Amino acid sequence: MASLLKAPSFVSPLQQKLNYASFSSITTKIQSNFCHANVRNGRCHVPNMAIKAQTSVGGDVLDKESVATNKDENNYGVVSIHHVGILCENLERSFDFYQNILGLEINEARPHDKLPYRGAWLWVGSEMIHLMELPNPDPLTGRAEHGGRDRHTCIAIRDVLKLKAIFDKAGIPYTLSKSGRPAIFARDPDANALEFTQVEG
């Protein structure tokens, strides 16, 4: 039991004192405005929650304030995902899949000749996939059959059944969502997992 209580060597002296101390909570004040949460852009935004606590440690009283979320300090202006980088062994083979089967178009405005490897940018709505012809450090065998259990990129589409028919015609293996929602999973020629989920509107 004593070995379990031993503080790691990298812990500061104050933290070690806190680890060994018998905490007696004197006052705990939680300031939160959860009832004022609002929804913007389909996401729930909750105002800051601050927790102030006084604890007795070895006869000393410590005042500690932790801010769980600080909207102003942590807001650096997230807009969206700009692109997803996908590694491929052969760019032409990947073009056959992404262009001819999935119907994605190349963004000609993006530079593809300024990088020290071959690649291309493909439009996915207003975002992009960056195909990069580079060695893949990931194993190509032994991966989960269902792409939802592997690293994957998810693309929102309008009609899962139509894409399923395209995959059937092209002989592309796929699995459907295990939860029953309208989504289909497949892999590109380099075993990169892709999810296509149906959205409304």
Side-chain angles (χ1 to χ4, degrees), residues 37-46 69 71-140 143-201:
N38 57 68
V39 176
R40 295 192 308 269
N41 299 327
R43 299 178 71 179
C44 180
H45 298 268
V46 181
T69 305
K71 180 175 60 177
D72 297 328
E73 289 183 9
N74 294 336
N75 183 3
Y76 51 92
V78 172
V79 177
S80 68
I81 291 178
H82 183 269
H83 71 273
V84 174
I86 294 181
L87 301 178
C88 65
E89 183 180 27
N90 181 280
L91 197 58
E92 285 70 32
R93 183 179 67 175
S94 294
F95 279 157
D96 185 53
F97 177 79
Y98 285 95
Q99 286 187 288
N100 298 338
I101 294 176
L102 297 184
L104 303 183
E105 297 180 2
I106 293 178
N107 179 358
E108 299 289 355
R110 295 292 297 181
H112 56 82
D113 56 351
K114 295 182 180 180
L115 297 171
Y117 53 84
R118 298 177 70 217
W121 300 79
L122 303 172
W123 283 116
V124 182
S126 60
E127 283 74 40
M128 292 170 284
I129 285 176
H130 185 195
L131 289 176
M132 300 177 288
E133 191 179 84
L134 290 169
N136 191 340
D138 289 336
L140 301 181
R143 306 187 77 92
E145 178 186 359
H146 181 59
R149 292 178 171 264
D150 197 357
R151 287 186 293 275
H152 62 277
T153 299
C154 182
I155 299 173
I157 63 174
R158 301 287 184 222
D159 193 338
V160 163
L161 291 179
K162 186 171 183 178
L163 181 58
K164 179 178 177 294
I166 292 171
F167 284 163
D168 285 334
K169 184 176 180 180
I172 303 292
Y174 59 82
T175 56
L176 300 176
S177 171
K178 303 298 184 185
S179 67
R181 62 189 173 83
I184 189 169
F185 294 80
R187 291 186 182 274
D188 74 359
D190 294 278
N192 295 301
L194 301 169
E195 174 184 356
F196 302 86
T197 187
Q198 185 169 304
V199 297
E200 301 298 327

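These numbers were taken from a predicted model, which means no experiment stands behind them.
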Check your understanding: If you measure from CG on Leu104 to CD1 on Ile155, what distance do you get to the nearest 0.5 Å?
Key -> 6.0 Å

Review point. Rounded to the nearest 0.5 Å, what separation is found between the CG atom of Leu161 and the CD atom of Gln198?
Key: 7.0 Å

Review point. Between CG of Asp188 and CG of Asp96, what distance do you get to the nearest 0.5 Å?
Key: 11.5 Å

Review point. Can you say whether the rings of Phe97 and Phe167 are parallel (under 30°), tilted (30 to 60°) or perpendicular (over 60°)?
Key: parallel

Exercise for review: Quick one: closest heavy-atom pair of Gly147 and Phe185, and the distance?
Suggested key: C-CD2, 3.7 Å

Revision key, fill the gap. Scanning both residues in full, the closest heavy-atom pair of Gln99 with Leu122 reads CG-CD2, 4.5 Å

Review point. Does the distance from a Lys or Arg side-chain N to an Asp or Glu carboxylate O, for Arg181 and Glu195, drop under 4.0 Å?
Key: yes

Review point. So His130 and Trp121, would you call those rings parallel, tilted or perpendicular, with 30° and 60° as cut-offs?
Key: parallel

Check your understanding: Taking everything shown except Glu105 itself, do over 12 heavy atoms lie less than 6.0 Å from its CD?
Key -> no

Review point. Okay, side chain of Arg143, backbone of Pro139: is any donor-acceptor separation there less than 3.5 Å?
Key: yes

Point to revise | Donor-acceptor contact present, side-chain Asn136 to main-chain Glu89, <3.5 Å | key: no

Review point. Are any side-chain N or O atoms of Arg187 and backbone N or O atoms of Leu194, one a donor and one an acceptor, separated by less than 3.5 Å?
Key: no

Revision key, fill the gap. Between the NE2 atom in His146 and the CG atom in Leu176, the distance rounded to the nearest 0.5 Å is 9.0 Å

Review point. Is there a side-chain contact between Leu91 and Leu131 (heavy atoms, below 4.5 Å)?
Key: yes

Review point. Are any of the side-chain heavy atoms of Val124 and Thr153 separated by less than 4.5 Å?
Key: no

Practice item. Would you mind reporting whether Met132 and Leu115 have side-chain heavy atoms less than 4.5 Å apart? Key: no

Practice item. Determine the minimum heavy-atom distance between Val199 and Ala156, stating which atoms define it. Key: CG1-CB, 3.9 Å

Exercise for review: Quick one: closest heavy-atom pair of Pro173 and Ala186, and the distance?
Suggested key: O-CB, 3.7 Å

Review point. Do Phe196 and Asp159 touch side chain to side chain, with heavy atoms closer than 4.5 Å?
Key: no

Study note, to complete from the structure: For Cys88 and Ser94, the nearest pair of non-hydrogen atoms, with its separation, is CB-OG, 3.1 Å

Check your understanding: So, do Ile86 and Tyr98 sit near enough that their side-chain heavy atoms are less than 4.5 Å apart?
Key -> yes

Review point. Is any side-chain heavy atom of Ile166 less than 4.5 Å from a side-chain heavy atom of Ile172?
Key: no

Practice item. Output all residues satisfying salt bridge (charged side-chain N to carboxylate O under 4.0 Å, His left out) with Arg118, sequence neighbours left out; order by chain, then residue number. Key: Glu92, Glu133

Point to revise | Minimal non-hydrogen separation, Pro137 against Leu87, with atom names | key: CD-CD1, 3.7 Å

Review point. Quick check: are there more than 12 heavy atoms from other residues, nucleotides or ligands sitting under 6.0 Å from CZ of Arg93?
Key: yes

Check your understanding: How long is the gap from CG on Leu140 to CG on Asn192, to the nearest 0.5 Å?
Key -> 8.5 Å

Point to revise | Min side-chain heavy-atom separation Pro189-Asn90 under 4.5 Å | key: no

